[in-house]
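Data block below; observations after.
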2 protein chains.
Amino acid sequence: MAGPLDQLARQAERSPALWATVVPALRQMIVSGALAPGAHLPEGELAAALEMSRGPIREALIELEREGLVVLRRHRGAQVIALTDEDIEEIYTLRLSLEQLAITRALPRLTDEHLATMDDVLEQMRALGPDYEPQTALDLDFAFHDVLYQAAAHSRLDRAWQQIRSQVAMLLHSRHVARRDFHEIAYAEHKAIRDIITSGDTTAATEAINHHLTGAYHRLITARH
Amino acid sequence: MAGPLDQLARQAERSPALWATVVPALRQMIVSGALAPGAHLPEGELAAALEMSRGPIREALIELEREGLVVLRRHRGAQVIALTDEDIEEIYTLRLSLEQLAITRALPRLTDEHLATMDDVLEQMRALGPDYEPQTALDLDFAFHDVLYQAAAHSRLDRAWQQIRSQVAMLLHSRHVARRDFHEIAYAEHKAIRDIITSGDTTAATEAINHHLTGAYHRLITARH
DNA sequence: TAAATGTCAATGGTTAACAATCAACGGTTT
DNA sequence: AAACCGTTGATTGTTAACCATTGACATTTA
């Protein structure tokens, strides 16, 4: 099925716009800490470094601002955000709200394919040892939660999630650099949610998400102090 | 307090960027139906009409896309969205989720100033006759609900709300063109919420919001068929 | 006649140059 | 010494021209 012609057909466009290639690159540098909180990102410097004009850089920065990873100040240049405890509280209270809507909508819509994906991710979580890469932790964590948003089939909810997802990535990355415990807790935490999904109990599911994200929030805050 | 010097100090910038002046103008034309759903908005045409280059037009369209009022297609030009029943269902389920978070957070944070604003808006709703302008209906409706988001003091929640707020405006505008009943129901609906706010009962408040937005959703759907 | 291929007008994407903004800093004045 | 003012470097915002994409339509081929 996935022959070379299929791949060509799936390619939405011949070559992506330059800004669309810049966004993931900058996002990853910010999330991973390669571009540190507070780092200054003048358009001209980025343009020179990435060997393109300022136009596509400018559009990429607008997108990163939308994702909450940079702040733009008129005539002052972009700056990587530094997330405070208050920011974390905002991110997690909004995340809880969105994820409760996601799981409520996902429960009657999850397909065998969705569940298979979740189980596969759970398997990878279980197999993780203590020397995991921080990036792996957030990749697996998102792979699990993203399924709920996909199954919810709600484009505006997904967009709202995408708007804080990069900030969550940034938080999880730095947390797992500071303290590696994903291998100890990730499987059990997410398996519990998976089991409740099987039960189809909406109330239990929203409570499980509440418990899970509240725990995650507290681990984030604790890791910073 | 609000002398001319205060106003100068509050002015964030000498003159706003061109894209920042274009956004409200286009938004209003879309919301009011002056630019109809499906209308085609090539950058070049807008630039000529507004007497500026394509750069600021482009940035304005990116912002309107973020607000869900236009879709951008590569090399095909922007197009005003046409909202389906499915879109309305998405908008209102997400709105309910956001507004429940807003009112939960607002309850312990509402100041006398917030409450005075709400009461003033309620007074204007009560005074409305059957020949109200559709724009007035959505202005008052938003003036009321926006207070909750302000009192919630949650920048990411506010941003998520701003992302669907323009679409709600579009829906409310066309609904009140089609059927003028705001003067009959707006005061009672919102007064009920206001009274529960006074009580400080969070459970009652989220239930009231649920009831209010579910009713609003059904009136929207009914007005279309 | 249907499928494949080529053309093209409409449109966005990118570029480099120029204009406008703004906060920091140094000099001047009180 | 503190306040005020002008300058300036760093940076974004805007412009017009040029390059690339794309889907509809016309033409060619089997």
Side-chain angles (χ1 to χ4, degrees), chain A residues 3-26 30 35-36 38-67 69-82, chain B residues 4-26 30 35 38-67 69-82:
Chain A
L5 295 189
D6 288 329
Q7 265 183 311
L8 259 182
R10 269 201 298 278
Q11 193 170 325
E13 53 210 18
R14 298 252 184 64
S15 68
L18 286 177
W19 69 265
T21 68
V22 165
V23 167
L26 288 178
I30 293 169
L35 284 171
H40 190 216
L41 307 175
E43 289 177 14
E45 261 187 47
L46 290 174
L50 296 169
E51 293 184 325
M52 61 182 68
S53 66
R54 285 176 41 227
I57 296 293
R58 189 172 176 73
E59 292 199 16
L61 289 173
I62 288 169
E63 169 57 23
L64 292 172
E65 182 198 37
R66 189 183 69 80
E67 291 180 22
L69 291 183
V70 301
V71 289
L72 303 180
R73 277 168 59 216
R74 195 180 193 201
H75 294 284
R76 291 297 103 197
Q79 198 171 13
V80 178
I81 50 150
Chain B
L5 295 188
D6 288 329
Q7 266 182 310
L8 257 182
R10 270 199 300 277
Q11 195 169 324
E13 54 207 19
R14 297 244 188 70
S15 70
L18 287 178
W19 69 264
T21 67
V22 164
V23 166
L26 288 179
I30 293 168
L35 284 171
H40 191 216
L41 306 176
E43 288 177 13
E45 260 188 46
L46 290 175
L50 297 170
E51 293 184 325
M52 61 183 68
S53 66
R54 284 177 42 227
I57 296 295
R58 189 173 177 73
E59 292 199 17
L61 289 173
I62 288 170
E63 169 57 25
L64 292 172
E65 182 197 37
R66 189 184 68 82
E67 291 180 22
L69 292 183
V70 300
V71 289
L72 303 180
R73 277 165 62 215
R74 194 179 195 204
H75 296 284
R76 289 296 104 197
Q79 198 170 15
V80 178
I81 50 149

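Letters A, B, ... mirror the listed sequences (proteins, then strands); counts begin at 1.
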Answer yes or no: does a side-chain N or O of [X] lie under 4.0 Å from OP1 or OP2 of [N]?
X       : N      : answer
B:Ser53 : D:dT14 : no
A:Ser15 : D:dA20 : no
A:His40 : D:dA10 : no

Report the distance from atom [atom1] of [X] to atom [atom2] of [N], rounded to the nearest whole Å.
X       : N      : atom1 : atom2 : value
A:Leu46 : D:dT11 : CG    : P     : 11 Å
A:Glu43 : D:dT14 : CD    : P     : 11 Å
A:Leu18 : C:dA16 : CG    : P     : 12 Å
B:Ile57 : C:dT14 : CD1   : C1'   : 18 Å
A:Arg58 : D:dT14 : CZ    : C1'   : 9 Å
B:Gln79 : D:dG23 : CD    : P     : 13 Å
A:Glu51 : C:dT14 : CD    : P     : 15 Å
A:Leu61 : D:dG13 : CG    : P     : 10 Å

Next on the checklist: For A:Trp19 and A:Arg54, find the nucleotide of DNA chain C closest to each by heavy atoms; which residue's nucleotide sits nearer the 5' end?
Outcome noted: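 The residue closer to the strand's 5' end, by nearest nucleotide, is A:Trp19.
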
Next on the checklist: Distance criterion of 3.5 Å, no angle test: do you see the side chain of B:Arg76 paired donor-to-acceptor with the base of D:dT22?
Outcome noted: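 Counting by modelled atom types and ignoring angles, a donor-acceptor contact under 3.5 Å is found here.
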
Next on the checklist: Between the base of D:dT22 and the side chain of B:His75, is one N or O donor paired with an acceptor at under 3.5 angstrom?
Outcome noted: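 No, the side chain and the base share no sub-3.5 Å donor-acceptor pair.
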
Next on the checklist: With a 4.5 Å cut-off on side-chain heavy atoms, are B:Val80 and B:Leu69 touching?
Outcome noted: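 B:Leu69 does not reach B:Val80 side chain to side chain.
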
Next on the checklist: A side-chain contact here means heavy atoms from C-beta on lying under 4.5 Å apart; do B:Leu61 and B:Leu46 qualify?
Outcome noted: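 B:Leu61 vs B:Leu46: side chains touch.
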
Would you mind classifying the nucleic acid contact of [X] as base, sugar-phosphate or nothing, using non-hydrogen atoms under 4.0 angstrom?
X       : value
A:Leu72 : nothing
A:Gly77 : sugar-phosphate
A:Ala78 : sugar-phosphate

Checklist entry - Which value, rounded to the nearest 0.5 Å, describes the distance between B:Arg73 atom CZ and B:His40 atom NE2? => result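 The NE2 atom of B:His40 is 8.0 Å from CZ of B:Arg73, to the nearest 0.5 Å.
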
Item to check | Option among B:Leu64, B:Ile62, B:Leu41 that satisfies the side chain to side chain contact (heavy atoms under 4.5 Å, CB included) test with B:Leu72 | outcome: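 Of B:Leu64, B:Ile62, B:Leu41, side chain to side chain contact (heavy atoms under 4.5 Å, CB included) with B:Leu72 is met by B:Ile62 alone.
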
Checklist entry - The side chain of A:Arg74 lies closest to which of these nucleotides: D:dT11, C:dT21, D:dT22? => result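 In terms of side-chain proximity for A:Arg74, the closest of D:dT11, C:dT21, D:dT22 is C:dT21.
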
Next on the checklist: Would the distance check show the side chain of A:Gln79 and the main-chain N or O of A:Gly38 forming a donor-acceptor pair, the cut-off being under 3.5 Å?
Outcome noted: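 Looks like yes, one N/O pair under 3.5 Å.
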
